[in-house]
Amino acid sequence: MRSFSYRRASDPDMAVRALSAAAAANNPLTKATAQPLAGGTTLIDLMKLDVMRPAAVVDINPLAHAWSAIEPDGEALRLGALAKMSDVAAHAEIRRSYPVIADSLRLAASAQLRNMATLGGNVMQRTRCSYFRDVSYENCNKRNPGSGCAAMDGVNRMHAVLGTSDQCIATYPGDFAQALIALDAVVEITGKAGTRSMPFAQLHKAPGSTPEIETTLQPGELISAFSIQGRWPRSVYLKARDRQSYEFALSSAAVALDVQDGTIRDARVALGGVATVPWRAREAEALLKGEKFDEALAQRVAHAAFADARGRRHNSFKIGLGRRVVARALQQAVTMEI
Amino acid sequence: MTAAAPEPKANMGRPVPRYDATAKVTGRATYASDMPLDNPAYAFLVTSAIAKGRIDRFDLDDARGVRGVIDIITHENAPKLKEAKLFSNGGYAGTTIQPLKSAEIAHDGQIIAVVIAESYEAAREAASRVKVSYTATAPSASFESAGTTTAAAKGQNAQFKEDPVVGDFAKAFEAAEVKLTASYDTPTQHHNPMELFTTSCAWMGDNLVVYEGSQYVYGLKNGVAEQLGIDADKVRVVNPYVGGGFGSRGSMTPRTAIIAGIAKRLNRPIKLVPTRDQGFTIATYRAETRHEIKLGASRDGKLVALRHEGAEISSRPDAYCVGGTKTTTRLYACPNIESLVSIVRADRNTPGFMRSPPEVPYLFALESAMDELAVKLNMDPVELRRINDTTTEPIGGKPYTSRSLMACFDEAAKAFGWSQRSPQARSMSDGDWLLGYGCAATCYPTQMAPSAARVRLQRDGRTRVEVAGHEIGTGAYTVIAQTAAERLGVPLEKVAVFLGDSDLPPAPVAGGSNSTASTCSVVMMVCDQIRQRLFKAVMPSDSIADKAKETVGISPAPSTRAAKGDRPLDIEKAFDALGVGVVEEYGEWKPEGAPLDSFRALHAGQPRFVGGHQMKDKIAYAFGAEFVEVRVNRFTHEIRCPRLVGAFAAGRIINPRTARSQLMGGLIWGMSSALLEATEVDERNARYVNDNLADYLVPVNADVPGVEVIMLSEQDDHINPVGAKGLGELANVGTNAAICNAIYHATGQRIRSLPVRLENIEV
Ligand SMILES: Cc1cc2nc3c(=O)[nH]c(=O)nc-3n(C[C@H](O)[C@H](O)[C@H](O)COP(=O)(O)OP(=O)(O)OC[C@H]3O[C@@H](n4cnc5c(N)ncnc54)[C@H](O)[C@@H]3O)c2cc1C
Ligand code: SF4
C-alpha cells in the first residue's frame, strides 16, 4: 500500500471537484489518481494489494444524508448510492415488491461486509480474478494494458464464459447489478455539469480490447442513485456457489416475470458469475414473452441464454451450470406465491 | 451441562472452562506479535515472482526513496547464516532452501529481500517499490509436469523406515473372489492458521529473545542458535499463546534466523508481520498426493489382500514424506499386504506436517476403497468394517492396547440414524436435494515423548506449573492445570500454568497429538515428587510415602483417587515439618520404550516419539467413526453437508469440553478438506494462485449447521501414566472419505479426487 492523501467530501460539488481535479487526460477511471471511497471494502483491499494506487482518496460517506434514501413509492423505486447493502436487503417493501433486489444483496458477501458496503460501491466493485489481484503476475491486460492475460490459459475456474475477449476473461463478480440490469434500472450520475441519468445497462463495458476500461463513468463522476419503474414482486435471485454463504457466484440468475392468467407478459433474465459484465439475456427473454410456462420452454430459454458462451479449460462447466440455474430460477419465479 | 461442556462419563475429567478463556475473549492474551518491543524497526518481505531461475538485478532506488526506510537486505548484503539441517536429519528446519544466500530461486514466493523501516507502513510501501529482474527457467509444478524425478521414499528420508508388507499380496489378490482397484488423489492444502507467520527478535547483548508463534520453542531455540552459530543458551523463544499451528509451526522456517541476523546487525529489535499470501510460501503446507488401492476379499467380506501405493510431492532438495501406509496397512485384519510410497520432486517449497499428516490423505484412499468394496459386496459398509475388525495389527501381529472402533461405529450410527438409510445409491431425496449418508473409520496413533516440568507448591495451596509446552488453541493450559490440581489436591483456581517459553523446562513439539499425554504425564510425576516430600516430612516411613504416591491427596479436600482408610495430609503441618514456605520439584519423564538419548535430545529440541506402531510388543491408536449427511442439489449440483456425527474413543478424556472442541474442529476441517480446500497451482509457472482467504475456501458457519461429537468411555492402562490418547488429530482423518461415500450414496457417482466441487457432479 502506498501513501495517499485522504479528504472527506463536504458536499457533492466538493467531491466532484476533488475527483476531477486529479483526473489526467486519457486515464481510465480505474487508474485515476483520485478515487472516491464509500464502504472501502473493494477499494482499500485493492490498495493494500497495490493493484490500485490512488494518490488521493475522497471519502464520500459524508454525503450519506442526501444519498442513502430507500424510497419505494408503490410505482417506482429510488435507491441512494450510499445506502448500505444490509439496509436495502432488510427493507420490508423491497423484500415484498423487489425480492430479486433483496435477495441479490442478502446472498452477497458477509453480514459485516454488507453493513459497510454501499450500493454505489457494490456495482463498481472490480473483478476477483486472482491474477489481477496479485501484482506479482506481470501478465494482466486489465492492470497492465498490453501485457497479456495470465488467466486465459491459467487457473480460470472462476472466469467468464460470456462477454469475454481475447484480452480478458475476468468475471464481473457482483450480484446486485444483475437485479438492476434485469429491472431496467436507471443510474443517476452526479458530475461537474450536475446530474445525468442513463440506463444501468450502459454503465459497464465489456473488456473488448480495453479491459482497463470497466465503466462509462469518467473521473469526477459519481453514482448518486438508482431508480426502477414499476413493481416486480414475481422475481427471484438464484445463486450457485461453493459455500453456503460468504462466497461469490459460480453462476447466478436474476429473473423477473409478469405473468397474467398463465401467460408471461414480460420477462427479464440476467446472469451473474458467468459474464464479464452484468449480463442481460435478451434473446432468451424474448422466447418467454407471450408464452405459457413449461419445463421445455425453460430449457429453451436456458440454452438461448448461453448460446454464445465460450468456456475455457477450467470454467466450461459454467455453461451447463448456468443453464440449469436459469431454468430453475424461471421455475421458482413462476411458482412463487405473491 | 451443555453441548459445549458434555457430562463426563467414566474415565473423564470435568469439563471445566478454559484456563485462558477470559484472556482470549477480552483480547488480553498476548500472541507473539503483541509483545511490546523497545523501539522496534519493522520488516516487510519481498518474495519471488518466479518459481525457478535466478535474480539478475534489483533496482532499489524507488524503494529506498520511501521515507523511513532503514535498509533493504538482499542476497548481496544479507547476514551470513549457517546451514539449516532438516528435522528429519537431526536438525530443526522444515526446509533446507535457504533464502538470501544466493541469486538462485528454488520456489514460488521465496524470500528475496527484506525491507527494514521505521514503520510497518513504510516497509510495506517500499517493498512494493522494489523492482526485480529475473532469468526464469521452466519449473516443474506437480505430478503432471515434465522434469520431476520420482523415487521410493525408503532410503531418502531417515524418518520413513518401512513400506509395510506381510504375506503374499500378488498371489492372494489374484485368487480373491472380489477385487477392487481404484486410484485417489488429494490436493495441495495450506494450514492458514489465523495468526500470521510473524517473528520479532530482540537482542540484549549476546542474548536473543525470539517472539514467534511456534509449536516447538525448544526446537526453534536450538535451530536458530545453530543457524546463527551461537550457544543455544543464549536464545530464548517466547510465545504464551499460539494462534493455531496445525503443523505449520512445528519446524523452523528460514525467516527466524534471517530476522535475528538483521536485528543483530542493526542493533535494534525487529518485528516482522508477513502477509497472508506470503504465508503460503514461507512456511510448509500439505503437498498433493496420489494413491492406488487394491483390495481383494472373499464373498463374505473378509479382506484377503490389500495393497496401498502412494506418491507425494516434495521439493527438489528435501525428501519430506508423510507416508501413511504405516496406518492403512494396520487398520484391518488381512493376511496379505503390500505397500510402497514414492516421493516426486518438483520446484516447490518443501511441504511439511499438516494436521494428521499421513492419515488424512492415506485414510481417504483406504476408507473410500472400503466403501467401494462394500458396494461391490452388496454389504452395509459398517458391517464390512466389523467383519475386518481386529485386536492385533496384521503386519507385526502386535495387540492394540485398546481399540473401540466398532463401539464408535455403533454409537455414532445410532446417534446419526444410520438405520434410516436405504442402501441403494440415489434412493433418498428431499425436494431439490439428493440425500446421501456415508461413513468412514478414523484413527490416529497414540504418541508420547519425553518431557520435563517444574512444579512449585506454597503452603496456602497456590501452585505454579512450568513446562515449555504450547497453547496452540487445544486447551493445554487447562488440562495441565487440571492434572496438577487433581494430583496435588489443590483447588483448580490456585493453579497457575506457564507455557510457551524456552526458559521453562523442555517439552516436546506440539505435534503428533502427543502434548496432553506427554506434558500431563510429567506434571503428574513431578506433583508426586512433591507429595512424596511432604509425606516424608510428616510420616517418615518409606512404605507410607510410597503409598502416598499412589493414593493419597494432600489437602483437606479428599482426592478422587484417595483409597479408603488413607488419611489426607495436613499441608500446613507438612510445611512446618519441612521448615519451608515453598516446595518446588523438577522432573523429567520419558515414556516406556523411549531411547537412551531421550533426555539429551529433550534439551536439544529433538523430540523422541514413542507410540503408534513403534511400541514394543503393542500398538496404540485412538479410533473413531464418522457419519455424514450430504445433500446434492439436483439443479445446481451444489454439495452441502448439514450433518456430521462422530464418535471417538481416546483413553482418558481429561476435559470433555476442550476435547469436544478439538473433535468438533476436526470434523469441520475434515468437511472443509473434502469439499472446499485446495491450493491451486498454476502448472505453467509452479505458482500458487488462490493464496488468500477469499479464494482459498474454508467453511463458514452456514456450511456446518450440525456437528455432533460423542466421546466414548475408554480406559487404557498400557500407554502412559495419564492414560490419555491424543485426539487433536483424530477427527479430521475419516471425514474426507465419509463425505465422498455419502456423495456416492446420494448420486451413484464415485468421486476419487478432492476436493469435490459442483462441477464434478454429473447427476
Ligand atoms: C471477501 C469478500 C466477499 C464478497 N462477496 C461478495 C458477493 O458474494 N457478492 C457481491 O456482490 N459482492 C461481494 N463482495 C464485494 C462487496 O459487495 C463490495 O466490495 C462492496 O459492495 C463495495 O462497496 P463499498 O461501498 O465498500 O465500495 P468501495 O470499496 O468504497 O468502492 C468500490 C469502488 O467503487 C468506487 N465508488 C464507490 N462509491 C462510488 C460512487 N457512489 N460512485 C462512483 N464510484 C464509486 C470506489 O472508488 C471504488 O473504486 C465481497 C467482498 C469481499 C471483500
Ligand atoms: S482475465 Fe482479465 S483481469 Fe484476469 S489476468 Fe486476464 S486480463 Fe487480467
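Computed from a predicted model, the values in this text were never measured in an experiment.
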Using a cut-off of under 4.5 Å on heavy-atom pairs, state which of [options] scores highest against chain A.
options: B/Asp691, B/Val689, B/Thr636; answer: B/Val689
options: B/Glu680, B/Arg757, B/Arg684; answer: B/Arg684
options: B/Asn633, B/Asp703, B/Leu758, B/Thr47; answer: B/Asp703
options: B/Val700, B/Leu675, B/Ile50; answer: B/Val700

Side chain of A/Arg2, backbone of B/Ser128: donor and acceptor closer than 3.5 Å? yes
Main-chain N/O of B/Val698 paired to A/Arg243 side chain as donor or acceptor, under 3.5 Å: yes
Going by distance alone, is a donor N or O of one side chain under 3.5 Å from an acceptor N or O of the other, for A/Tyr137 and B/Asn685? no
Are B/Arg687 and A/Ser136 close enough that a side-chain donor and a side-chain acceptor fall under 3.5 Å? yes
Measuring only between side-chain heavy atoms, which start at C-beta, is [X] closer than 4.5 Å to [Y]?
X: A/Leu321; Y: B/His637; answer: no
X: B/Asn692; Y: A/Leu49; answer: no
X: A/Val155; Y: B/Asn690; answer: no
X: B/Phe635; Y: A/Leu238; answer: no

Nearest heavy-atom pair of A/Gly154 and B/Asp682: which atoms, and what distance? CA-OD2, 4.1 Å
All heavy atoms of A/Lys239 vs all of B/Glu638, minimum pair found to be O-OE2, 3.7 Å
Where does [X] contact chain B at under 4.5 Å (heavy atoms): side chain, backbone, both or neither?
X: A/Ser251; result: neither
X: A/Asp242; result: both
X: A/Ala150; result: both

Starting at [atom1] of [X], measure out to [atom2] of [Y] and round the result to the nearest 0.5 Å.
X: A/Tyr246; Y: B/Asn701; atom1: OH; atom2: CG; result: 12.5 Å
X: A/Phe4; Y: B/Glu125; atom1: CZ; atom2: CD; result: 10.5 Å
X: B/Cys641; Y: A/Gln244; atom1: SG; atom2: CD; result: 11.5 Å

Counting only heavy atoms not in [X], do more than 12 fall under 6.0 Å of its [atom1]?
X: B/Arg64; atom1: CZ; result: yes
X: B/Arg634; atom1: CZ; result: yes
X: B/Asp56; atom1: CG; result: yes

Could you have a look at [options] and say which one has the most heavy-atom pairs with chain B under 4.5 angstrom?
options: A/Arg241, A/Lys318, A/Lys48, A/Glu247; answer: A/Arg241
options: A/Arg313, A/Met158, A/Arg128; answer: A/Arg313
options: A/Met1, A/Arg53, A/Gln331, A/Arg323; answer: A/Met1

Note: B/Asp695-A/Arg133 ion pair, threshold 4.0 Å (strictly below): no
